[in-house]
Chemist: 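Pasting a structure below so you can have a look.
Every heavy atom of this structure was used, including side-chain atoms; hydrogens, water molecules and symmetry mates were not. Model, not experiment: these values are computed from the prediction. Below, chains carry the letters A, B, ... as their sequence lines are ordered, and counting in each starts from 1.
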Protein chains: 2
Amino acid sequence: MTDTGEGAYPERKRGSGVKVVYEMLRDEILDLKLPPGSPIDEVHLAERFGMSRTPIREALVRLAGEGLVETLPNRSAMVSNIDVLNLHTFYDAITLMYRVTTRLAAQYHRPADLSRIRGLQQMYAAAAAAQDALAMVAVNRDLHAAIAEAGRNPYFTTLTLRLLDEGRRILRLYYQSFDDRLPKQYVDEHEAMIAAIAARDIDLCDRLARAHADQIVRQIQQLFARDERQEIAL
Amino acid sequence: MTDTGEGAYPERKRGSGVKVVYEMLRDEILDLKLPPGSPIDEVHLAERFGMSRTPIREALVRLAGEGLVETLPNRSAMVSNIDVLNLHTFYDAITLMYRVTTRLAAQYHRPADLSRIRGLQQMYAAAAAAQDALAMVAVNRDLHAAIAEAGRNPYFTTLTLRLLDEGRRILRLYYQSFDDRLPKQYVDEHEAMIAAIAARDIDLCDRLARAHADQIVRQIQQLFARDERQEIAL
DNA sequence: TGCATTTTATTTGTCGACAAGAAATCGACA
DNA sequence: TGTCGATTTCTTGTCGACAAATAAAATGCA
């Protein structure tokens, strides 16, 4: 196997090692560069990042805490599987979190929040104009994360972030193989939600967030259904 | 300092060390034996548990992932503070999770779930009859955890568990100093909720769970208000 | 005495090494 | 040839040690 592109890490500041490994592994897991179920070898990673196993191990423990990797005693850790059978629990959770965080954003947002949200929405519109589905997925995550932050409830924010990451992984599962186009309609839905947040219209936020979530769930289900048909067609 | 009661751990199975430390520290944090803000020294813990710093460290990383300890770079970790100023975010979150998990329990529970829930409810009633407030807090946590499990949505279950633990810590903050009596009314509320779950009456579950959560929030607020008056009275 | 600076001490972050446990390989035997 | 058991290999879990970073103490100076 050729070098996977890490190169050399000649000098690191003390304490930065874990962060580097954690973020790198996290990105690779969410982008499916590390496919679900693939084993994670500590010594291999240690060689790759040019450090000892200790910081690698700490990064893995953190990732396990977020449910991105699973560990069995005395055996290799592995990237968590995507549980397609229980996707409905994901739908339920993301729908509720979209609603709650958007409502709270309407209540508690401050001017700085709105400008950040609007900046992300512009990036989202740009990605949609460029028909870049993967960029849309990534920016969509950051946009809803910003909305959740504006709601200022750390419990909901944490869960929402986890769900958004899991969603990024699920969507990636399809977009990498089918190279789809996300409907531009999402841009308008985001616009409406942001306007409702700015107007502090809580009920409207709730309705829009629910519709938005339903839309995304339907999209995933369509992809999933088509995927199943393809499998049968094979 | 006298021995804090750990004694000797002469032989451990490989891999069990982290679990022991994690659970012990977790309990001590939730019981406020380790008060919020107190520093956590790794070598001290290593001596106390009779093992090296490595498994201690892993346990601390896990606890940090759950928000029970906070770590600053190159400095001692410390037990997380209870953010009394943002308690309303806790109220919001626990109320919503009570409602959601109870609703889902009504939908998805199986016979085994119900018997487990009813067993815990009996323990709760016993604790109430004995006027043992701390036991009531502990069993209340397990009871709602069982209800959440019956709802079979791991995302909601995880958040609910985190909130229940945080609540155990908040309640302990008061019950340890005032030695209060929890109203027996909670027993009846639990009975009603369980009956609604068994009857699969989702709307009723929602209303009961909301009322139950409001009741508990009011209780905490009362304790908090009285605490403030006492401080002023001093 | 009060403040700035150097020195010491304490505590964490990282490392390399070793042993325990599990998987893989090999071999004996029916 | 297939199966069971022993052996080897491979990976993790734990350890003790060292260095970096910070906090605390001591020193010097005005």
Chemist: Tell me whether the rings of Y155(B) and F90(A) are parallel (<30°), tilted (30 to 60°) or perpendicular (>60°).
Modeler: perpendicular
Chemist: For D41(A) and dA24(C), give me the distance from atom CG to atom P, rounded to whole Å.
Modeler: 14 Å
Chemist: Going by atom types only, do H190(A) and N140(A) share a side-chain donor-acceptor pair under 3.5 Å?
Modeler: yes
Chemist: Which whole-number value in Å describes the distance from I56(B) CD1 to dT11(C) P?
Modeler: 15 Å
Chemist: Round to a whole Å and report the spacing from CE of M51(A) to C1' of dC15(C).
Modeler: 12 Å
Chemist: Counting the atoms with a prime plus P, OP1 and OP2 as sugar-phosphate, which does V43(A) contact under 4.0 Å by heavy atoms, base, sugar-phosphate, or nothing?
Modeler: base
Chemist: Whole-Å distance between dT12(D) C1' and L45(A) CG?
Modeler: 13 Å
Chemist: Looking at V84(B), I82(B), I29(B), which hits side-chain contact (heavy atoms from CB on, under 4.5 Å) with P36(B)?
Modeler: I82(B)
Chemist: Which is more 5' along DNA chain D, the nucleotide nearest G17(B) or the one nearest R14(A)? Just name the residue.
Modeler: G17(B)
Chemist: Nearest nucleotide by nearest heavy atom, which residue falls closer to the 5' end of DNA chain C, R53(A) or S16(A)?
Modeler: S16(A)
Chemist: Contact class for S76(A) (heavy atom, under 4.0 Å): base, sugar-phosphate, or nothing?
Modeler: sugar-phosphate
Chemist: Considering residues, nucleotides and ligands other than Q122(A), do more than 12 of their heavy atoms fall under 6.0 Å from its CD?
Modeler: no
Chemist: So which one's nearest nucleotide on DNA chain C is more toward 5', T54(B) or E42(B)?
Modeler: E42(B)
Chemist: If I take atom CG in residue L72(A) and atom P in nucleotide dC10(D), what distance separates them, rounded to the nearest angstrom?
Modeler: 21 Å
Chemist: Whole angstroms only, please: what is the NE2-C1' distance between H44(B) and dT12(C)?
Modeler: 16 Å
Chemist: Looking at every strand, decide which applies to I40(B) at a 4.0 Å heavy-atom threshold: base, sugar-phosphate, or nothing.
Modeler: sugar-phosphate
Chemist: E47(A) has an atom CD; how far is it from atom P of dT14(C), in whole Å?
Modeler: 18 Å
Chemist: Near R116(B) CZ, under 6.0 Å, is it more than 12 heavy atoms from other residues, nucleotides or ligands?
Modeler: no
Chemist: E58(A) CD to dT12(D) P: how many Å, rounded?
Modeler: 17 Å
Chemist: Looking at dA23(C), dT22(D), dT14(C), which one has an atom nearest to any side-chain atom of R75(B)?
Modeler: dT22(D)
Chemist: Between dT14(D), dG21(C), dA23(D), spot the one nearest the side chain of N74(A), thanks.
Modeler: dG21(C)
